[in-house]
Amino acid sequence: MDVTPAVDPAVFSHIRVVLSMVVSLGIARLLSGAARFVQHPKRQRAYGVHLLWALSLLLSMLHFWWWEFSLSYLPVWRFETYVFVVAYAALYFLLCAILFPDDLAEYDGYKDYFMSRRGWFFGLLASTYVVDLVDTWIKGAEHFAARGTEYPIRNAVCVLLCLLAARTANAHFHLVFVVLSLAYQISWILRLYDVIGI
């Protein structure tokens, strides 16, 4: 028996509360981490690539919160969909926690730390692109198709670049990757997501 309950806007509002908590924890982690450089500028050596990835993650989480509004159009919410979306948000929190650990005592600044944890960071970042495909599919075939052919190609390329970044310690590669990633991310948001509810 297929039970299709009536759409109730309160359902998504209820779910959005949990999403907002997880996303807020990630944003707070990034902002607190960045504030450390102002509070104690000589305590740890900053690393530009690390700071640019922090900026990219902040933009990603703000964008995540923006685009997940499309979930309000789901006619039915099931528990597994709810768990999936919360787990997706949790990936962003984990990325933020990796970028700004509780303690750097074992490392010689953020460059040393970032390079030693790049496998974890880029492995999780790659998984967000895979999970994003499923998230977009959950919103419906029409929604998925509206992203165009660029969307799956973009995600596949990003996964491959993340896997490469996880393996290489080449500083030049990492700088070029984060700069191009940020530029493309801004372009993607402005081209496809500048208006909410589409």
Side-chain angles (χ1 to χ4, degrees), residues 16-69 83-132 135 154-155 158-159 161-190 193:
R16 201 161 161 102
V17 168
V18 176
L19 283 179
S20 70
M21 288 188 296
V22 177
V23 171
S24 296
L25 286 170
I27 290 173
R29 185 81 178 213
L30 285 180
L31 296 177
S32 295
R36 288 183 210 157
F37 294 115
V38 176
Q39 295 166 341
H40 308 286
K42 296 180 182 175
R43 187 174 289 174
Q44 296 293 343
R45 277 185 273 168
Y47 176 45
V49 169
H50 168 264
L51 291 176
L52 287 172
W53 278 118
L55 178 61
S56 177
L57 269 183
L58 177 61
L59 183 58
S60 292
M61 285 186 295
L62 293 173
H63 184 216
F64 174 87
W65 186 245
W66 182 259
W67 89 63
E68 287 299 5
F69 181 80
V83 170
F84 174 82
V85 173
V86 171
Y88 187 7
L91 283 174
Y92 282 111
F93 172 77
L94 291 173
L95 283 163
C96 295
I98 288 171
L99 274 185
F100 288 104
D102 295 326
D103 184 17
L104 279 178
E106 306 164 42
Y107 303 95
D108 184 28
Y110 275 96
K111 181 175 184 179
D112 182 41
Y113 170 76
F114 182 78
M115 287 302 175
S116 74
R117 291 292 172 261
R118 70 181 185 276
W120 278 101
F121 179 77
F122 289 110
L124 285 171
L125 188 60
S127 70
T128 66
Y129 289 103
V130 175
V131 169
D132 186 61
D135 179 77
R154 167 206 153 211
N155 283 30
C158 288
V159 167
L161 287 171
C162 284
L163 295 176
L164 182 57
R167 295 187 54 88
T168 183
N170 182 293
H172 183 70
F173 171 85
H174 282 278
L175 178 61
V176 170
F177 181 29
V178 70
V179 168
L180 291 179
S181 179
L182 256 173
Y184 183 81
Q185 184 180 14
I186 292 166
S187 164
W188 179 256
I189 291 169
L190 293 177
Y193 292 96

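All of these numbers come straight from a predicted model, not from anything done at the bench.
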Chemist: Under 3.5 Å, is there a donor-acceptor pair between the side chain of R118 and the main chain of M115?
Modeler: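 Here the side-chain-to-backbone pair exists.
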Chemist: Please report the shortest heavy-atom distance between R29 and C96, naming the atom on each side.
Modeler: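 Residues R29 and C96, closest heavy atoms: CG-O, 3.7 Å.
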Chemist: Closest heavy-atom contact between T168 and N170?
Modeler: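 Looks like OG1-N, 3.1 Å.
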Chemist: Nearest heavy-atom pair of Y88 and T128: which atoms, and what distance?
Modeler: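 Answer, listing the atom of Y88 first, then T128: OH-O, 3.7 Å.
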Chemist: Assess whether atom CZ of R167 is packed by more than 12 heavy atoms of other residues, nucleotides or ligands within 6.0 Å.
Modeler: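 Count not over threshold, so no.
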Chemist: How about Y110 and F114: are their ring centroids closer than 6.0 Å?
Modeler: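 Between Y110 and F114, the centre distance exceeds or equals 6.0 Å.
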Chemist: Rounded at 0.5 Å granularity, tell me how far CG in L59 sits from CD in Q185.
Modeler: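 Between atom CG of L59 and atom CD of Q185 there are 4.0 Å.
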Chemist: Test side-chain contact (heavy atoms from CB on, under 4.5 Å) on F177 and L164; report intermediate values, then the result.
Modeler: CA-CA 10 Å; F177 181 29; L164 182 57; over 6 Å; no
Chemist: Could you tell me which non-hydrogen atom of S56 sits nearest to which non-hydrogen atom of L182, and how far apart they are?
Modeler: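 Nearest pair, atom of S56 first, then L182: CA-CD2, 3.8 Å.
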Chemist: Please determine whether the number of non-hydrogen atoms from other residues, nucleotides or ligands lying under 6.0 Å from atom CD of Q39 exceeds 12.
Modeler: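 Atom CD in Q39 is crowded, with more than 12 foreign heavy atoms closer than 6.0 Å.
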Chemist: Hey, what do you get for CG (L124) to CZ (R117), rounding to the nearest 0.5 Å?
Modeler: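 The distance works out to 12.5 Å.
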Chemist: Apply side-chain hydrogen bond (donor to acceptor under 3.5 Å, both in side chains) to residues Y47 and D112 and explain how you reach the verdict.
Modeler: CA-CA 9 Å; Y47 176 45; D112 182 41; over 6 Å; no
Chemist: At their closest point, which heavy atom of A89 faces which heavy atom of V23, and how far apart are they?
Modeler: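 That would be CB-CG2, 4.2 Å.
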Chemist: I need the Y184 OH to I189 CD1 distance, nearest 0.5 Å.
Modeler: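 Atom-to-atom, Y184:OH and I189:CD1 are 11.0 Å apart.
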Chemist: Evaluate the side-chain contact (heavy atoms from CB on, under 4.5 Å) criterion for residues L161 and L180: first the C-alpha distance (whole Å), next the side-chain angles of each, then the deciding distance (0.1 Å), finally the verdict.
Modeler: CA-CA 11 Å; L161 287 171; L180 291 179; over 6 Å; no
Chemist: Centroid-to-centroid, H174 to F122, below 6.0 Å?
Modeler: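 Yes; F122 has its ring centre under 6.0 Å from that of H174.
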Chemist: For W65 and R16, run side-chain contact (heavy atoms from CB on, under 4.5 Å): C-alpha distance rounded to whole Å, both residues' side-chain angles, the deciding distance at 0.1 Å, then the answer.
Modeler: CA-CA 9 Å; W65 186 245; R16 201 161 161 102; 3.1 Å; yes
Chemist: Looking at CG of L55 and CG of L99, how far apart are the two atoms once the value is rounded to the nearest 0.5 Å?
Modeler: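 Those atoms lie 11.0 Å apart.
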Chemist: Give a yes or no on whether the backbone of V178 and the side-chain of S181 come within a donor-acceptor separation of less than 3.5 Å.
Modeler: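 Here the side-chain-to-backbone pair does not exist.
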Chemist: Consider ring pair (Phe, Tyr, Trp, His ring centres under 6.0 Å). Of F100, W120, Y107, which one does Y113 pass it with?
Modeler: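 Only one option passes, and that is Y107.
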Chemist: With heavy-atom distances below 4.5 Å as the criterion, would you say the side chains of V22 and Y92 are in contact?
Modeler: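 No, every pair of side-chain atoms sits at 4.5 Å or beyond.
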Chemist: Would you name the heavy atoms of C162 and Y129 that are closest together and state the gap between them?
Modeler: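 Shortest heavy-atom separation between C162 and Y129 comes out as SG-CE1, 4.3 Å.
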Chemist: Taking side chain to side chain contact (heavy atoms under 4.5 Å, CB included) as the criterion, tell me which of L30, L31, L25 meets it with I27.
Modeler: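 Only one option passes, and that is L31.
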